Amino acid sequence: MKFLHIKAQEEDGILTITLNRPKALNALNMLMVNELREALENYHRVWPNTRAIIITGAGDKAFAAGADIKEFEHLDVQRAMELSRNGHTLMQLIENAHIPIIAAVNGYALGGGCELAMACHFRIASENAKFGQPEANLGLIPGFGGTQRLPMLIGKGRALELLLTGEMISAQEAHQMGLVNHVTPTKSLLPFTRSIAKKIMEKGPLAVKYIIRCVNAYYNPNENGMELEISHFAHLLPTAQAREGIRAFLEKRKPNFHALTDDQPTENNT
Ligand code: DAK
């Protein structure tokens with residue numbers, strides 16, 4: 001698969017997707033959003049060994065400094081709506097992925113860049129990372145889900161302050177607010193993020209998929225997360241993966257889930 005504005009490379013089951021416009025601080029233009037969608041819609045076919053994905057930015061300055069402001073100038077309502085919907089589709093694809101998608105934030109994560117990081121299952125930041133939703137500085141509001149995911153992650157008051165002032169916060173402040181899980185020295189960012197991905201990859205793949213789904217359901221007013229958990233728990237229990245995990249515990253050995261990834265619970269809602 002050939003891309004112009006992203007790079008994608010799979011190694012040891014981890015697909016690293018790099019936003020690759022460092023001269024423009026990896027600003028998310030329409031092509032980049034489309035390429036990200038293409039990669040995420042097809043990763044299981046193109047890189048079939050993938051069991052975790054890391055999204056990061058090229059260079060040492062930015063994860064992504066926002067949506068590409070240069071593309072905004074001449075958009076009419078119709079095109080702006082398309083742009084926003086396309087971005088939302090990408091973010092939902094990330095949020096609802098069956099495998100973990102982790103943002104490794106290595107510099108500015110502003111506007112659409114912060115929104116992309118927030119759609120990932122969690123975020124690790126390097127010490128030089130900076131986060132913010134500066135859209136109001138431009139007379140705009142976020143268009144890729146920022147008004148919804150930011151309060152979900154850090155609470156309404158803090159989110160409103162960031163959104164309304166447009167101010168940036170440091171990696172440490174983002175950590176204190178719960179926007180990022182860990183802050184690492186810049187050099188350690190990718191190795192540390194990979195080490196977390198590897199821990200998750202050792203778990204039962206169906207368990208990983210259903211944990212993500214149940215946690216997402218909590219934030220979806222149209223779903224009953226408690227009921228979903230009851231159902232997923234019950235349907236997982238008789239699967240070969242769960243049987244293997246339980247047997248391995250009783251036999252005091254490590255489980256081997258990998259030969260069992262085709263095992264699906266027999267329910268409609270998979
Ligand atoms: N878009 C396009 N180019 C950008 C960019 C961006 N967001 N951010 C930086 N660049 C480009 C700069 O123009 C510059 O390009 P050249 O002039 O060299 O050609 C290059 O990257 C380097 O940037 P600077 O020279 O400015 O670098 P500095 O270190 O001095 O400053 C900075 C770094 C991050 C503080 C600064 O670049 C900056 O303030 N950037 C803009 C940050 C920003 O406002 N981001 C939010 C963008 S708005 C919607 C959909 C989506 C959204 C909203 C609505 N709908 C469809 C409704 C989302 C909106 C946003 O994300």
Side-chain angles (χ1 to χ4, degrees), residues 3-7 17-38 40 55-95 103-120 123 125-154 158-174 179-180 183 186 189:
F3 298 112
L4 209 60
H5 290 335
I6 64 170
K7 281 190 292 187
I17 298 181
T18 307
L19 312 173
N20 193 24
R21 299 179 69 207
K23 284 188 184 145
L25 303 186
N26 302 318
L28 294 151
N29 60 10
M30 294 178 207
L31 180 60
M32 194 192 272
V33 169
N34 286 337
E35 290 185 347
L36 282 168
R37 267 188 75 172
E38 208 180 328
L40 292 165
I55 301 182
T56 194
D60 52 9
K61 275 193 81 175
F63 176 76
D68 190 329
I69 298 169
K70 290 169 190 159
E71 287 184 340
F72 281 175
E73 218 181 338
H74 303 293
L75 288 183
D76 60 14
V77 175
Q78 177 74 20
R79 284 293 291 138
M81 191 85 90
E82 282 167 22
L83 176 69
S84 188
R85 278 210 192 287
N86 199 25
H88 272 262
T89 303
L90 168 65
M91 303 304 161
Q92 283 161 12
L93 203 58
I94 294 170
E95 192 163 66
V105 180
N106 55 318
Y108 292 111
L110 303 176
C114 189
E115 291 172 295
L116 174 63
M118 289 194 291
C120 294
R123 291 141 292 284
S126 59
E127 285 163 341
N128 68 329
K130 283 198 176 359
F131 295 81
Q133 295 290 159
E135 288 86 348
N137 297 337
L138 305 169
L140 284 172
I141 68 168
F144 294 157
T147 60
Q148 307 301 296
R149 290 193 182 92
L150 192 59
M152 223 184 271
L153 286 165
I154 66 171
R158 287 188 181 126
L160 275 171
E161 186 178 337
L162 281 184
L163 289 159
L164 295 174
T165 63
E167 276 177 5
M168 287 188 221
I169 54 170
S170 67
Q172 284 303 344
E173 287 170 299
L179 185 55
V180 305
V183 180
T186 305
L189 177 67

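Given the structure is predicted, the values throughout are model-derived calculations rather than measurements. When a ligand or atom number is given, it counts from 1 through the structure's own listing order.
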task = Check A125 against L189 and note the closest heavy-atom contact, atom names and distance.
result = C-CD1, 3.7 Å
ask   = Heavy-atom contacts under 4.0 Å between L75 and ligand 1: side chain, backbone, both, or neither?
value = neither
ask   = Does R149 reach the main-chain N or O of A119 with its side chain, forming a donor-acceptor pair under 3.5 Å?
value = no
note = Ranked by distance from atom 11 (C) of ligand 1, the top protein heavy atom is A24 CA, 3.9 Å
key: atom 36 (C) of ligand 1 - nearest protein heavy atom and its distance   = L25 CD1, 4.6 Å
query = Tell me: protein heavy atom nearest atom 17 (O) of ligand 1, and distance?
reply = K70 NZ, 4.7 Å
ask   = Does the protein put any heavy atom within less than 4.0 Å of atom 30 (O) of ligand 1?
value = no
message = Is the shortest side-chain heavy-atom distance between R21 and D68 below 4.5 Å?
response = yes
note = Per-atom filter on ligand 1: closer than 4.0 angstrom to a heavy atom of P134 are 43 (C), 44 (O), 45 (N), 46 (C)
inquiry  = Quick check on atom 45 (N) of ligand 1 - does any protein heavy atom sit closer than 4.0 Å to it?
reply    = yes
task = Answer with yes or no whether the side chains of N20 and T18 bring together a donor and an acceptor at under 3.5 Å.
result = no
remark   = On a heavy-atom basis, the closest approach of C120 and I55 is SG-CD1, 4.1 Å
inquiry  = Could you check whether atom 23 (O) of ligand 1 has a protein contact, counting only heavy atoms that fall below 4.0 angstrom?
reply    = yes
Backbone or side-chain N or O of L140 under 3.5 Å from ligand 1 N or O = no
ask   = For ligand 1, is there an N or O atom under 3.5 Å from any N or O atom of I69?
value = yes
request  = Could you check atom 56 (C) of ligand 1 against the protein and tell me its nearest heavy-atom contact, residue, atom and distance included?
outcome  = A80 O, 3.1 Å
task = Considering only protein heavy atoms, determine whether one is less than 4.0 Å from atom 39 (O) of ligand 1.
result = no
query = Looking at atom 34 (C) of ligand 1, is any protein heavy atom nearer than 4.0 Å to it?
reply = yes
inquiry  = Does the protein place a non-hydrogen atom closer than 4.0 angstrom to atom 7 (N) of ligand 1?
reply    = yes
request  = Ignoring angles and geometry beyond distance, decide whether A65 reaches within less than 3.5 Å of ligand 1 through its nitrogen or oxygen atoms.
outcome  = yes
inquiry  = Starting from atom 2 (C) of ligand 1, what is the nearest protein heavy atom, named by residue and atom, and what distance separates them?
reply    = D68 OD1, 3.2 Å
note = Counting heavy atoms under 4.0 Å, the part of A27 that contacts ligand 1 is side chain
key: Polar contact flag for A67 and ligand 1 (N/O pairs, less than 3.5 Å)   = yes
Numbering as shown, the atoms of ligand 1 that approach S84 to under 4.0 Å (heavy-atom distance) = 55 (N), 56 (C)
key: Atom indices of ligand 1 within 4.0 angstrom of I141 heavy atoms, with elements   = 53 (C), 54 (C)
ask   = Measuring to protein heavy atoms, does anything land under 4.0 Å from atom 54 (C) of ligand 1?
value = yes
request  = List every atom of ligand 1 that sits less than 4.0 Å from any heavy atom of L110, numbering the atoms from 1 in the order shown and giving each element.
outcome  = 34 (C), 42 (C)
ask   = Does the side chain of M30 come within less than 4.5 Å of V33's, by heavy atoms?
value = no
remark   = Shortest non-hydrogen pair, E115 vs M91, comes out as O-SD, 3.9 Å
request  = Provide the closest heavy-atom pair for G132 versus C114 in the form atom of the first, atom of the second, distance.
outcome  = O-CB, 3.6 Å
ask   = Can you check whether K61 has an N/O within less than 3.5 Å of an N/O in ligand 1?
value = yes
inquiry  = Has N106 got a side-chain atom pairing as donor or acceptor with G59's backbone, closer than 3.5 angstrom?
reply    = yes
ask   = So which heavy atom in the protein is nearest atom 20 (C) of ligand 1, and how far is it from that ligand atom?
value = K23 O, 3.2 Å
query = Nearest to atom 48 (S) of ligand 1, what protein heavy atom do you find, and at what distance?
reply = L138 CD1, 3.6 Å
request  = Give the minimum heavy-atom separation between G113 and F63, together with the two atoms involved.
outcome  = O-CE2, 3.3 Å
ask   = Has the side chain of H5 got a donor or acceptor atom that lies under 3.5 Å from a matching backbone atom of N26?
value = no
ask   = Under the 3.5 angstrom rule, does the side chain of R37 hit a backbone N or O of L90 as a donor-acceptor pair?
value = no
ask   = Can you find a non-hydrogen atom of N29 under 4.0 Å from ligand 1?
value = no
task = Please answer whether the main-chain N or O of V105 pairs with a side-chain N or O of S126 as donor and acceptor at a distance below 3.5 Å.
result = yes
key: Where ligand 1 meets G112 - atom numbers and elements under 4.0 angstrom, heavy-atom basis   = 60 (C), 61 (O)
key: salt bridge (charged side-chain N to carboxylate O under 4.0 Å, His left out) evaluation trace for R85 with E82   = CA-CA 5 Å; R85 278 210 192 287; E82 282 167 22; over 6 Å; no
query = Nearest protein heavy-atom contact for atom 49 (C) of ligand 1: which residue, which atom, what distance?
reply = G143 CA, 3.4 Å
ask   = When you measure from the side chain of E35 to the backbone N and O of I6, does any donor-acceptor pair fall under 3.5 Å?
value = yes
message = Show me which atoms of ligand 1 lie under 4.0 Å from any heavy atom of L83.
response = 56 (C)
task = Please step through side chain to side chain donor-acceptor pair (under 3.5 Å) for the pair Q92 and T89, ending with a clear verdict.
result = CA-CA 5 Å; Q92 283 161 12; T89 303; 5.4 Å; no
task = State, to 0.1 Å, how close A62 and L25 come at their nearest heavy-atom pair, and which atoms those are.
result = CB-O, 3.5 Å
